[in-house]
Protein chains: 2
Amino acid sequence: MSYPFFQLSKKSGYAVRALFELVLKGTSAPVNVRRLAKAQDIPIRFLEIILNELKQGGFVLSVRGKSGGYLLAKPADEITVGQIIRFLEKNPESDAPSLEQPHPGEFIIKRLMDNVNDCISGICDNLTLEEMVKEYQTNQESFVSNYVI
Amino acid sequence: MSYPFFQLSKKSGYAVRALFELVLKGTSAPVNVRRLAKAQDIPIRFLEIILNELKQGGFVLSVRGKSGGYLLAKPADEITVGQIIRFLEKNPESDAPSLEQPHPGEFIIKRLMDNVNDCISGICDNLTLEEMVKEYQTNQESFVSNYVI
DNA sequence: AGTATTCCGACTATAATAATGAGGATTAAG
DNA sequence: CTTAATCCTCATTATTATAGTCGGAATACT
């Protein structure tokens with residue numbers, strides 16, 4: 001297998017999987033963190049932090065109290081994987097334009113990376129949670145057989 | 001501007017730029033590290049380390065002694081950007097197959113990442129140093145105008 | 001011999017990533 | 001009202017990756 005150029009951070013991976021799980025359950029009732037964490041095998045405390053961020057980002061709503069938990073803030077076909085990753089991975093500083101004059105050599109890299117990122121964007125921004133779940137459900141056999149191996 | 005999903009490490013960026021510079025100079029005589037570092041504005045010590053690695057990878061040859069330096073180990077049209085990045089970014093451990101049974105949820109991520117990486121590979125493995133230099137030379141005005149801003 | 005150069009191992013510093021821990025606030029249900 | 005389940009907030013820690021730096025040894029040309 002060839003080297004994976006791009007690896008998703010655990011955080012973003014967990015986030016996508018947690019939201020995926022929410023869609024998969026498809027209940028209108030909130031799902032609590034523990035269940036989500038168990039279902040997707042994610043460290044629970046870490047997932048709490050992630051869900052909190054996702055709430056800030058408007059991806060989920062939280063319901064507090066005894067039978068509380070999390071639920072999607074919008075329909076599954078309006079949330080793309082790209083949106084999730086972008087939101088979680090962006091850091092405040094990178095927004096500020098760098099004052100330093102870039103070296104000409106950096107442009108050859110920049111041009112390349114722009115191409116690459118357009119290409120990634122083409123995949124991630126066009127894949128919704130709903131599509132992921134649909135594909136998962138229709139191909140479940142192959143997913144599971146992969147799992148067992 | 002949208003968030004860049006994929007950012008090249010400084011190391012890989014420097015490596016590509018150093019090799020690019022070697023091709024650009026196009027001499028058959030070795031170029032020493034200092035000149036390369038100055039030409040591409042790369043920390044010289046760091047570049048030494050990188051060139052050493054690139055030598056292990058068969059990308060460059062080193063010539064020691066007074067008029068020594070580095071030169072390409074193969075023609076510029078036989079070195080792709082993908083090869084360079086792959087070689088530098090791979091770590092030994094990731095070769096070993098993980099013994100842990102992956103969670104089914106990881107497959108939805110894996111499938112996505114496989115798509116993404118195929119796509120990146122399509123760009124990086126089809127771009128040779130020679131092509132980069134050719135494109136740079138024909139479009140030099142625009143590069144420079146970008147530089148000046 | 002002298003000098004420019006590569007080569008090499010160790011070292012540091014910083015930041016990002018990936019969690020973990022303790023306790024408080026909120027709410028539903030008994 | 002009490003209690004248990006749940007989210008929420010702040011802090012701390014551990015690990016790894018990144019981006020270098022330092023000093024000197026080995027080598028080869030002149």
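Here the structure is a predicted model, which is why all the values come from computation and not from measurement. The chains referred to below are lettered A, B, ... by the order of the sequence lines, with proteins before strands, and numbering in each begins at 1.
- Looking at heavy atoms from C-beta onward, A:Leu19 lies out of side-chain contact with A:Met132 at the 4.5 angstrom threshold.
- Within the 3.5 Å criterion, the main-chain N or O of A:Phe6 finds a donor-acceptor partner in the side chain of B:Asn117.
- Residues A:Ile44 and A:Val60 fall within the same hydrophobic cluster, defined by Ile, Leu, Val, Met, Phe, Trp and Tyr side chains chained together at heavy-atom separations under 4.5 Å.
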In the 5'-to-3' direction, what one-character label does each nucleotide of nucleotides 21-29 of chain D receive under the scheme B = base within less than 4.0 Å of a protein heavy atom, S = sugar-phosphate only, - = no such atom?
BBB--BBBB

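- Around atom NZ of A:Lys74, more than 12 heavy atoms belonging to other residues, nucleotides or ligands sit under 6.0 Å away.
- B:Thr128 and B:Glu78 form no side-chain donor-acceptor contact under 3.5 Å, judged by distance and modelled atom types alone.
- A search for side-chain contact (heavy atoms from CB on, under 4.5 Å) contacts involving B:Glu106 returns A:Arg17, B:Pro102, B:His103, not counting sequence neighbours.
- Residues A:Phe107 and B:Tyr136 place their aromatic rings such that the two centres sit no closer than 6.0 Å.
- Listed by chain and number, the residues in a side-chain contact (heavy atoms from CB on, under 4.5 Å) with A:Glu21 are A:Leu24, A:Lys25, A:Leu36, A:Ala39, A:Gln40 (sequence neighbours excluded).
- In the region residues 9-19 of chain A, proximity to DNA chain D at under 4.0 angstrom, judged on heavy atoms, holds for none of the residues.
- An OP1 or OP2 oxygen of D:dC8 is reached within less than 4.0 angstrom by a side-chain nitrogen or oxygen of A:Ser62.
- Contact check of residues 50-57 of chain B against DNA chain C (heavy atom, cut-off under 4.0 Å) returns B:Asn52, B:Lys55.
- Taking a 4.0 Å limit (strictly below) on heavy-atom distances, residues 31-38 of chain B reaches DNA chain C at B:Asn32, B:Val33, B:Arg34.
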